[in-house]
Amino acid sequence: MKVEEYLNDIAEREGTVHLTLIDPASQPPEVAADIAKAAVEGGTDAIMIGGSTGAGGLALDQTLLKIKEQTDVPTILFPGNAGGLSIHADAVLFMSLLNSRDINYVTTNQAMGAPLVYKYGIEPISMAYIITEPGGTVGWVGDAKLIPRNKPELAVAYSLAGKYMGMHYTYLEAGSGADQPVTPATIGAVKHVLGDNKLIVGGGIRDGKTAKICADAGADMIVTGTIVEETEDVRNKIEELVSAIKR
Ligand SMILES: CC(C)=CCC/C(C)=C/CC/C(C)=C/CC/C(C)=C/COP(=O)(O)OP(=O)(O)O
Ligand SMILES: O=P(O)(O)OC[C@@H](O)CO
Ligand SMILES: [Mg+2]
């Protein structure tokens, strides 16, 4: 089964998908694999691998290989640029940062990376990537014209544009480690216009209660990264998040 189908199927059956984001630059491959294994035991549906700085090359390949030794859920690349691709991944969130001012993040990295995706046989999942305030490192690196927190209509406009350009997924990002996630009002307004297209929400989600607010507002998939890196008991934390968002 394709990864996209696998995720959509879980979203339909269980209400919401949980994705664990691992930054290959944050820990050695063995440690990343231990985190991934505990996350899968806690009920996460797939592992996303990426980072906005220094997340490519050998560390990326080795992190993927170790994770694949320890887990059997799909591995999905979340590349900061064309260097964030690896032959060892199952799929890639093939995204355009729609509200970037920098053409590199709108189409150039995609063009430079596309031949590798083709050659390696990685499944591309087309995605509109939209960054809201506060935006964090990824907002800065991606030179995003950040959507104000209290302007759902701007997030709606970009999301609709992505849908009309044929992108299957939309990702509303508040930035890794954000003090607060995207507002429920923005999530709800975007999901309303997306209809069956899948909505991913991430950035600043640290507990089950917050994850549930995002899921109830309309998120089909919830991404958590920082909290997984920071917590002592990964399995327990993922269980908390997963049980809050699944029916
Ligand atoms: C499709 C291809 C080949 C490339 C896409 C290139 C684009 C559009 C990138 C968007 C901008 C960008 C820098 C995205 C990075 C996404 C990401 C992995 C963010 C989260 O990383 P963390 O490592 O959790 O956060 P920090 O970077 O803050 O550590
Ligand atoms: O690290 P956190 O805050 O969980 O954010 C995850 C993801 O949305 C970052 O791209
Ligand atoms: Mg990082």
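Sequence positions, counted from 1, serve as the residue numbers for this chain. Both ligands and their constituent atoms are indexed starting at 1 by order of listing.
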Quick test of your reading of the model: are Lys237 and Asp233 salt-bridged, counting only N-O distances below 4.0 Å? no
Judging by distance only, is a nitrogen or oxygen of Thr224 under 3.5 angstrom from one on ligand 2? no
Could you tell me whether Lys212 atom NZ has more than 12 heavy atoms of other residues or ligands within 6.0 Å of it? no
closest protein heavy atom to atom 4 (O) of ligand 2 is Gly225 N, 2.7 Å
Should we count CG of Asn150 as having more than 12 external heavy atoms under 6.0 Å? yes
For atom 7 (C) of ligand 2, grab the closest protein heavy atom and report residue, atom and distance to one decimal in Å. Tyr171 OH, 3.3 Å
So for ligand 1, is Ser176 a polar contact partner (N or O within less than 3.5 Å, distance only)? yes
Can you check whether Thr137 has an N/O within less than 3.5 Å of an N/O in ligand 1? yes
Looking only at side chains, do Asn99 and Tyr105 share a donor and an acceptor under 3.5 Å apart? no
Crowding at NZ, Lys246 (>12 non-hydrogen neighbours, <6.0 Å): yes
Would you mind finding which of Tyr129, Tyr171, Phe94 brings a heavy atom closest to atom 1 (C) of ligand 1? Phe94
What class does the angle between the rings of Tyr171 and Phe78 fall in, given that below 30° is parallel, 30 to 60° is tilted and above 60° is perpendicular? parallel
Purely on distance, is any nitrogen or oxygen of Ser96 under 3.5 Å from one on ligand 1? no
How close do Ala189 and Pro152 get, heavy atom to heavy atom, and via which atoms? CB-CB, 4.1 Å
For ligand 2, which atoms sit closer than 4.0 Å to a heavy atom of Gly202? 8 (O)
Is atom NZ of Lys68 surrounded by more than 12 heavy atoms (other residues, nucleotides or ligands) closer than 6.0 Å? yes
So is there a nitrogen or oxygen of Gly177 less than 3.5 Å from a nitrogen or oxygen in ligand 2? yes
Atom 10 (O) of ligand 2 [closest protein heavy-atom partner, distance rounded to 0.1 Å]: Glu173 OE1, 2.4 Å
With the threshold set at under 4.0 angstrom, would you say Pro79 reaches ligand 1 through any of its heavy atoms? yes
Sub-4.0 Å atoms of ligand 1 with respect to non-hydrogen atoms of Gly50: 18 (C), 23 (O)
Counting both backbone and side chain atoms, is some N or O of Gly204 under 3.5 Å from an N or O of ligand 2? yes
For the backbone of Val3 and the side chain of Glu123, can you confirm whether one donor and one acceptor N or O come within less than 3.5 Å of each other? yes
By number and element, which atoms of ligand 2 are closer than 4.0 Å to a non-hydrogen atom of Leu21? 7 (C), 9 (C), 10 (O)
Heavy-atom pair with the smallest gap, counting every atom of Ala82 and Asn109: N-OD1, 3.1 Å
Minimum heavy-atom distance between Ala46 and Val73, given as atom pair plus value: CA-CG2, 3.8 Å
Identify, by atom number and element, the atoms of ligand 1 in contact range of Val141, meaning under 4.0 Å from any of its heavy atoms. 13 (C)
Protein heavy-atom partner closest to atom 6 (C) of ligand 2 - residue, atom, separation in Å: Gly203 N, 3.7 Å
Please classify the Leu21 to ligand 1 contact at 4.0 Å (heavy-atom distances, strictly less than): side chain, backbone, both or neither. side chain
for atom 1 (O) of ligand 2, nearest protein heavy atom and its distance come out as Thr226 OG1, 2.5 Å
